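Read through the structure below, which is laid out as structure tokens, and then see the notes.
For ligands, and for the atoms within them, numbers begin at 1 and follow the listed sequence. Side chains are part of it too, since the values below use all heavy atoms of this structure and drop only hydrogens, waters and symmetry mates. Remember, it's a predicted structure, so these values are computed and weren't measured experimentally.
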Amino acid sequence: MTTVSIENRDNIALVWVDNPPVNALSHSVRAGLKDAMRVIAEDDTIDAAVIACRGRTFIAGADIREFGSPPKAPHLTEVVQIIEDMEKPIVAAIHGTALGGGLEVALSCHYRVAVSSAKIGLPEVKLGILPGAGGTQRFPRIAGVENALDAIISGRHIKAKQALSWGALDQVVDDGLEATALEFAKSVVEKGVRRTGEMAIDGDKYDQAFFDEFRASIARKTRGYFAPERCIRCVEAAVKLPLKEGLDAERRNFQECFTNPQSRALQHVFFAERQVSRVPGISKETPRRNIKRVGIIGAGTMGGGIAMNFANIGMPVTLLEVKQDALERGLGVVRKNYERTASKGRLTAEQVEERMGLFTGTMDYADLADCDLIIEAVFETMDIKKKVFTALDEVAKPGAILASNTSYLDIDDIAAVTRRPADVLGLHFFSPANVMRLLEIVRADNTADDVLATCVDLAKKIGKVGVVSGVCHGFIGNRMLSQYAREMSLSVIEGSMPHEVDKAMFDFGMAMGPMTVSDMAGLDIGYLNRQGMDRADYETRATDWIDRVVESGRKGLKTGAGIYDYDEGSRTPKPSEDVMAIIVEESEKLGIERTSQTSEEIVERGMLALINEGAKILGEGIAIRASDIDIVYLNGYGFPPYRGGPMHYADQIGVKEVYSKILENAEKFGSRWWQPAPLLKELAEAGSSFADYDKRQVG
Ligand code: 3H9
């Protein structure tokens, strides 16, 4: 397929790149651009050239799909150098997004013109790599060192107007890009080329202290990531070295990143996120229901947070509570959240009022009659949920989608109390629901395809990553979490202190250690749940010590004391002598000889528990793909993106190795909780991986 073509427009060559969907720099595009430059150089009738793209966007970067195969010449580094070395002016005409290698092509052009809706960026860091075709050397030269560091380390998209103010663009127009770029090219024929690589940087301004300060400013955000430090080293090289040596430094650092497992993990995440909305049985042709008004039952933290997602996209919301004061409190919290956002400058006062204007409060179920989607977010007991759905069945209009925000309960049972189980599904938001990106979309036995398809689309519209799960206790995320939480708690009773367990998991990259998470969630909820349960049904060694902590009046962060101590008004956990004494006593009571474990042992135990349960979930068809499980863990449970999610992590260790370690754990810790998942065994014996499994399952 020809992906690059040339038109001669009145002595200006118009070079078209046409490689759908995003004009990525596949081999044919690189070869085509190189060829085009040769033609332009040789053709005396051509005075200058414009590089523009067909379709929805300018070049969005290197072709990530080619990353797994051996590189094929011409390499992008060569192509951009050829463009920059041209003697005739080359102008980039940018619409959509000029990203990564796409921006590097634009930077190697001598001038850049863009439409005002365009964005530019160097998002490589999000893929665990760095701009490797001169971006780290040319961007600081044209846009300034501070701006370049900001762009390269954040990977964010920069609006055309801002890029213009940085000097990275020469002209921004509202429309007529092609004509403007051609005109611009004509206007610079006389002036000639202006090479970004030849621009000077005032090196004295950017000394060691400047870079040290910058490193310190991003340390918290980039904890555990490999690429950001390499990006900084490249920008330092741009400041200190001539272009050629800077490019050599960039190449070395790029290779280091490219061969680091983090880049494979982050590329896995990129594709996993795009796979997630592909659901077997659902296609573009599946009908969708029209959602214009949403009803939310329960104006607590969860209900209010869920409601905000819809108001944020301009959708009217009816919020139902049983009592007036609870309703008012709920609406008050929503308003406060919006006002906090406004105080940070991210909303105007008018926008706050606009959004609040979309809310209608009610205490009457009949007011939900005009809602197209109704989500309940009430107390987590089956009895209450069934009452709510029975009431909903009476008032909801035909065709309305009825959703439960339950985190554990059986959606089939809930649907069964209605006369319309095909309209029922689970929409499991994560707290805080207006912030957390994850949404588990729970497909029950009778959920209609159009109901599911509508909710998969809706997830995207409200900015969530929606992962489809089947029905089981806790769905994908919480079912896995309970295995992990148990093993982490057992690590405590067997010899490690809570802060040691937390440190091990935090250093592994988790956003928070499991004990800190428990304190934040509140220890009393689990405690109360256990009161009604048969002790034979759960691992009492993992919970008894926590029950003792709760009984001593420590319910978690909200009471100022839980597994940890907290100073007045502080959220920083501090090891508690009292709790450590309880733990030692409980270990003694159980006849456990406490032995301390290494961080590696703690991490391994937690990860194996997650992976094994993930494999069960996958084998049972609860999750569609292993990569969907990864997306759940990355977006809902603070799993470090640079490890790709638990299932990708398992592939990196090797499924065979994981399987044999789980067998070892069965020996070491007992087989009650360490039955290897049948799918894990199957993959291990076949020498296969979860990635292979995904390919086989969904093509
Ligand atoms: C790089 O450039 C390294 C250089 O420094 C060179 C060093 C030597 N390649 O996201 P969407 C596919 S690294 C291959 O749903 P949107 C994507 O998988 C690269 N495929 O659309 C999807 O396919 P499918 C730096 C790509 O409108 C389809 O295009 N660049 C690539 O929501 C549509 O994607 C980046 O990191 C790619 N580079 O968003 C930019 N990009 O339909 C990555 C997309 O089969 N891309 N695809 O699932 C993006 O951020 C977004 O895709 C973009 C469009 C904003 C462009």
Side-chain angles (χ1 to χ4, degrees), residues 3 17 19-30 33 53 55-81 83 94-108 117-139 148 151-152 154-159 227 230-231 234 247-248 250-259 263-264 266-279 283-284 456-457 459-461 463 465 625 627 631 641 694-695 698-699:
T3 51
V17 176
N19 187 28
V22 296
N23 292 313
L25 289 155
S26 316
H27 174 253
S28 70
V29 176
R30 300 194 305 272
L33 283 173
C53 290
R56 62 203 237 211
T57 179
F58 191 77
I59 302 166
D63 188 342
I64 308 168
R65 289 176 206 280
E66 284 184 0
F67 281 1
S69 335
K72 221 165 130 189
H75 306 300
L76 188 57
T77 43
E78 180 193 343
V79 176
V80 295
Q81 201 55 59
I83 298 174
I94 301 171
H95 75 292
T97 44
L99 300 176
L103 180 56
E104 290 173 307
V105 166
L107 290 171
S108 71
S117 57
K119 290 177 183 159
I120 66 167
L122 293 167
E124 284 88 343
V125 74
K126 294 184 178 169
L127 298 168
I129 52 176
L130 51 83
T136 65
Q137 304 305 299
R138 292 192 176 94
F139 205 59
I152 295 170
S154 71
R156 73 185 175 90
H157 295 183
I158 297 141
K159 289 184 182 153
R230 274 78 204 164
C231 292
C234 290
L247 289 173
D248 288 345
E250 181 186 86
R251 188 97 302 257
R252 280 194 307 276
N253 281 288
F254 181 85
Q255 278 309 328
E256 272 186 37
C257 291
F258 197 75
T259 49
S263 77
R264 232 167 317 133
L266 288 163
Q267 285 152 36
H268 162 77
V269 175
F270 177 84
F271 288 114
E273 278 201 7
R274 281 156 183 80
Q275 279 295 319
V276 94
S277 54
R278 297 202 169 118
V279 180
S283 69
K284 277 199 193 107
V456 168
D457 287 1
K460 265 196 204 155
K461 279 188 202 140
V465 51
R625 325 168 174 79
S627 65
I631 291 299
D694 278 2
K695 275 187 214 138
V698 272

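Looking from atom 1 (C) of ligand 1 to the surrounding protein, the closest heavy atom is Ala62 CB, 3.4 Å. Of the protein's non-hydrogen atoms, Arg65 NH2, 3.2 Å is the one closest to atom 23 (O) of ligand 1. The protein heavy atom nearest to atom 9 (N) of ligand 1 is Ile64 N, 2.9 Å.
At least one heavy atom of Pro131 sits closer than 4.0 Å to an atom of ligand 1. Residue Asp63 places a heavy atom less than 4.0 Å from ligand 1.
For atom 53 (C) of ligand 1, no protein heavy-atom neighbour is found at a distance under 4.0 Å. The presence of a protein heavy atom under 4.0 Å from atom 32 (O) of ligand 1 is ruled out.
Inter-residue side-chain proximity for Val105 and Ile83 is flagged as met; some heavy-atom pair is nearer than 4.5 Å. Side-chain contact check for Glu78 versus Gln81: every heavy-atom pair is 4.5 Å or farther apart. Residues Leu266 and Lys126 are not in side-chain contact: their nearest non-hydrogen atoms beyond the backbone lie 4.5 Å or more apart. Using a 4.5 Å heavy-atom threshold, the side chains of Phe271 and Asp694 count as separate. Between Leu247 and Thr77, every side-chain heavy-atom pair lies at or beyond the 4.5 Å cut-off. The side-chain heavy atoms of Leu33 and Leu25, taken from C-beta on, include a pair separated by under 4.5 Å. Looking only at side-chain heavy atoms (C-beta outward), Lys72 and Glu66 stay at 4.5 Å or farther from each other.
The residue among Arg278, Arg274, Gln267 with a heavy atom at the shortest distance from atom 24 (P) of ligand 1 is Arg278. Nearest to atom 4 (C) of ligand 1 by heavy atom, out of Glu250, Glu104, Glu66, His75, is Glu104. Of the options Gly121, Ala60, Gly134, the smallest heavy-atom separation from atom 56 (C) of ligand 1 is shown by Ala60. The nearest non-hydrogen atom to atom 36 (O) of ligand 1, considering only Leu127, Leu99, Val22, comes from Leu127.
For ligand 1 and Gly100, the ligand atoms under 4.0 Å from any heavy atom of the residue are 2 (O), 25 (C). Heavy-atom contacts of Pro21 reach the following atoms of ligand 1: 28 (C), 29 (O) (cutoff under 4.0 Å). Against a heavy-atom cut-off of under 4.0 Å, Gly61 is close to the following atoms of ligand 1: 2 (O), 30 (N). Within ligand 1, counting atoms from 1 as listed, the ones closer than 4.0 Å to a heavy atom of Glu124 are 1 (C), 2 (O), 3 (C), 4 (C), 5 (O), 13 (S). Within ligand 1, the atoms closer than 4.0 Å to a non-hydrogen atom of Pro123 are 30 (N), 35 (C), 36 (O), numbered from 1 in the order shown.
Here the closest heavy-atom approach between residue His157 and residue Lys119 is recorded as CB-CD, 3.8 Å.
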Arg138 and Val80: side chain to side chain contact (heavy atoms under 4.5 Å, CB included), yes or no, with the steps? CA-CA 11 Å; Arg138 292 192 176 94; Val80 295; 3.9 Å; yes
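Any N or O atom pair closer than 3.5 Å counts here, and Arg56 shares at least one such pair with ligand 1. Between Thr97 and ligand 1, no pair of N/O atoms sits closer than 3.5 Å. Checked by distance only, ligand 1 and Phe254 stay at 3.5 Å or farther apart across all their nitrogen or oxygen atoms.
Within the model, atoms CZ of Arg251 and CD of Gln255 stand 5.5 Å from one another, a figure rounded to the nearest 0.5 Å.
Side-chain atoms of Glu250 and Thr136 include a donor-acceptor pair closer than 3.5 Å.
With respect to Ser28, the side-chain hydrogen bond (donor to acceptor under 3.5 Å, both in side chains) criterion is satisfied by exactly one of Asp63, Thr3, Asn19: Thr3.
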